[in-house]
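Report on the structure given below.
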Amino acid sequence: LIFAFWGAVYFFVERRKDEEKEKRLIEKILLSSRTPILVFDREKNIIYASKEIDNLLGYEDIKSKLIEDIYVKEEEGEEEEGVMISKKGERIPVRIKKSRIFDELKKEIVAVVWVIEDLRKTQRITFEKERFKTVLTQMGEGVIVFSKEEGIVFANEKAKEFFGIDDILGKNRYGLFGEKADKMIDFDEVYEREEVFSQIVEFNNRVFIVTFSPVDFGEGDYRMAVMRDVTEFFKMRKELEEKVEELKKQRGAILNLAEDLKEKNEELLRMQEILINQEKLASIGELAAGVAHELNNPLTTILTMIDLLLLEENFTEEEKNSLKSIKDEALRMRGIIQDLLTFARKKGESKHDVKLNEIINKAEILLKTRLKHEGVDVIKDLSDIPVIIGNSDRLIQVFINLFNNSIDAMDKMEKRIFIKTEFDKEKRKVRVIFEDNGCGMDDETRKRIFDPFFTTKKSGTGLGLSIVYGIIKDHSGNIFVESKIGGGTRFKIEFPVRGEK
Ligand SMILES: Nc1ncnc2c1ncn2[C@@H]1O[C@H](COP(=O)(O)OP(=O)(O)OP(=O)(O)O)[C@@H](O)[C@H]1O
Ligand SMILES: [Mg+2]
């Protein structure tokens, strides 16, 4: 612009074709110029001032001023520096480029033109740059400032260390990263984005978090990249992740082991319980068989005698009723003896293919009257299960006892027995779940229910469940019980499927 202006001035002054027209043109150029320009005559009177002079200094009547009023020079020359004083008294550092306009005809200088440069901006930039440099040099992070055109214009020591290049200034992305540059950093994005953003970049076998941001020096499109070396951090993180993985694995193993141990322990406890019961059963079984046998003969005699007595005519009605009660009690005794004998019966009875679902249905039919009378709902979920080997009569006995106990335990308005059969393919076992919503029992009771003669009932024998237990054992099965006071009782019975133990 300045040179264009000079060309114009020179052209018009030299030719002097139409002086007035030229004058107006020059004035126009001066007025519209974005550069502060002053033109003096030989007496140093200001004859022209560009609009920027008004903006810079703020005088409305600059033409009435003497140059001494508004300018203090610091050094003399064609290009000199000095201070301009604005209307507000502000001292503005300036650089002045002087030119003289020479009249060829008169052979004399007719005017002097000053093109003025406001140094404040430049100084500020320089100052900012310096301050910036000091801070950046001392930073622990690597810092580079760069532009598309100039490449790197600044780099602190750390940055040079990171790149491994001392002579780094002027280097562009290819100079730094080689051909890989575009793969690592999207430089177009760096120049496009006006906000701060970070990226993880790997080079020279290290990992960096690089934060890009635009830098405003008031000129040029500079970007700054702050590089933090996070190699160690990444290494630590990786190690940590590996450790965590390993720990997880170990924990998994420990948990598995714990689970295993728990299972084994439970099994041991079950085995122990089974053994204790078996032992009890064995000894009591022998005793019971003996006693039952001993009792059975006199009892048969008693019953026969009563039947004979009942045939006598001599007794009163009252006496006959007493005799009937004696007979009832004797019959009850025979029932108990029968139970004892069932309980004590040794193995070796005939066994055949048995369908457990049918056994359950038969037991239910036998108890139909009692269930109906007590208002108990039986819900069944019998699935298609393999047959087992067993003795139906004895197995029916098992479920009759379970039904009776459950009915005895009913204490709610809604009385329910739930029976489910299923096949455990993995264990190769047939399973029956027999559950009621009755009164349930406490742990003390639960532990003793399979004991012979253990009962909590007024007229119970306590033989029911020991018989159940004996029969199930005799079928190579198992019985488990879960119960909670007020929460019902659940029996789980398992038999091996035919052909498997
Ligand atoms: N389904 C059940 N709900 C609550 N308690 C039960 C249940 N089944 C058994 N019991 C408890 O176990 C005890 C022992 O039961 P078991 O069948 O061996 O004898 P019993 O029922 O008392 O006598 P019996 O069978 O000769 O009538 C019962 O007295 C009862 O306390
Ligand atoms: Mg019972």
Side-chain angles (χ1 to χ4, degrees), residues 273-274 276-285 287-289 291-292 295 328-345 360 363-364 366-367 369-371 373-380 393-420 432-474 477-493:
E273 226 169 281
I274 288 167
I276 290 171
N277 279 328
Q278 262 173 350
E279 211 171 304
K280 269 187 211 159
L281 283 180
S283 49
I284 287 169
L287 178 76
V291 173
L295 285 178
D328 283 347
E329 289 302 302
L331 281 174
R332 210 165 82 81
M333 268 175 89
R334 197 164 69 171
I336 295 170
I337 287 165
Q338 216 50 56
D339 275 353
L340 275 172
L341 286 173
T342 316
F343 166 70
R345 192 149 43 193
I360 291 164
E364 188 194 356
L366 286 173
L367 278 157
T369 326
R370 198 174 171 216
L371 287 164
H373 184 256
E374 304 282 343
V376 180
D377 272 341
V378 178
I379 301 154
K380 286 179 293 183
D393 292 339
R394 300 199 74 202
L395 287 170
I396 290 175
Q397 194 77 44
V398 167
F399 293 101
I400 288 176
N401 273 307
L402 293 181
F403 267 119
N404 273 325
N405 282 347
S406 289
I407 298 169
D408 289 344
M410 291 301 178
D411 61 348
K412 300 184 181 68
M413 284 295 287
E414 200 191 325
K415 299 163 187 182
R416 234 181 310 112
I417 292 174
F418 172 71
I419 310 167
K420 180 186 166 84
V432 184
I433 308 282
F434 195 104
E435 196 178 317
D436 65 55
N437 69 335
C439 61
M441 46 194 142
D442 57 22
D443 277 356
E444 277 306 297
T445 309
R446 188 186 52 78
K447 277 182 193 149
R448 304 183 57 192
I449 55 172
F450 297 114
D451 289 359
F453 307 113
F454 171 77
T455 180
T456 57
K457 297 170 194 170
K458 252 191 216 150
S459 58
T461 63
L463 279 176
L465 284 180
S466 23
I467 290 170
V468 164
Y469 191 91
I471 296 169
I472 290 171
K473 281 288 131 189
D474 201 19
N478 256 323
I479 180 164
F480 310 101
V481 59
E482 288 165 35
S483 188
K484 217 165 66 185
I485 286 243
T489 302
R490 165 202 281 231
F491 286 95
K492 193 166 84 182
I493 304 165

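Just so you know, these numbers use all the heavy atoms, side chains as well, and skip hydrogens, waters and symmetry mates. Order of listing sets the numbers, starting from 1, for every ligand and every atom in it.
In this structure, T489 contributes its side chain and N437 its backbone to no donor-acceptor pair below 3.5 Å. Put simply, the side chain of S466 gets close to the backbone of L463: a donor and an acceptor are under 3.5 Å apart. For D474 (side chain) and G470 (main-chain N/O), no donor-acceptor pair under 3.5 Å exists by modelled atom type. Within the 3.5 Å criterion, the main-chain N or O of D442 finds no donor-acceptor partner in the side chain of K484.
The two residues K380 and E364 come nearest to each other via the heavy atoms NZ-OE1, 2.6 Å. Nearest heavy atom pair, residue I471 against residue R394, reads CD1-O, 3.3 Å. Between I467 and Q397, the shortest heavy-atom distance links the atoms CG2-CG, 4.2 Å.
If you check which protein heavy atom lies closest to atom 6 (C) of ligand 1, you get M441 CE, 3.8 Å. What sits closest to atom 27 (O) of ligand 1 on the protein, heavy atoms only, is G460 CA, 4.0 Å. The protein non-hydrogen atom at the shortest distance from atom 4 (C) of ligand 1 is A409 CB, 3.6 Å. Shortest contact from atom 21 (O) of ligand 1 to any protein heavy atom: K457 NZ, 2.6 Å. In terms of protein heavy-atom proximity, atom 22 (O) of ligand 1 is nearest to T455 OG1, 2.5 Å. At the shortest separation from atom 14 (C) of ligand 1 among protein heavy atoms lies F454 O, 3.4 Å.
The shortest N/O to N/O separation between T445 and ligand 1 does not fall below 3.5 Å. The shortest N or O to N or O distance between G462 and ligand 1 is below 3.5 Å. Considering backbone and side-chain N/O of S466, none are found under 3.5 Å from N/O of ligand 1. Close N/O approach between D436 and ligand 1 is found [any backbone or side-chain N/O within under 3.5 Å]. Residue N405 places at least one N or O, backbone or side chain, under 3.5 Å from an N or O of ligand 1. Residue L465 places at least one N or O, backbone or side chain, under 3.5 Å from an N or O of ligand 1.
Ligand 1 places these atoms under 4.0 Å from at least one heavy atom of T456: 28 (C), 29 (O), 30 (C), 31 (O). With ligand atoms numbered from 1 in the order given, ligand 1 contributes 1 (N) to contacts under 4.0 Å with heavy atoms of S406.
Heavy atoms of L402 found under 4.0 angstrom from ligand 1: none, in either backbone or side chain. Within the 4.0 Å heavy-atom criterion, both parts of T461, backbone and side chain, lie near ligand 1.
The aromatic rings of F450 and Y469 sit tilted relative to each other, their planes meeting at an angle between 30° and 60°.
The residue among I407, I485, I449 with a heavy atom at the shortest distance from atom 12 (O) of ligand 1 is I449.
Within 6.0 Å of CZ on R334 lie no more than 12 heavy atoms contributed by other residues, nucleotides or ligands.
By the 4.0 Å N-to-carboxylate-O rule, D436 lies too far from K412 to be salt-bridged with it.
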**Check against side chain to side chain contact (heavy atoms under 4.5 Å, CB included), T445 and F454** = CA-CA 9 Å; T445 309; F454 171 77; 3.8 Å; yes
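For the Mg ion (ligand 2), the set of nearby N, O or S atoms under 2.8 Å includes one belonging to N405.
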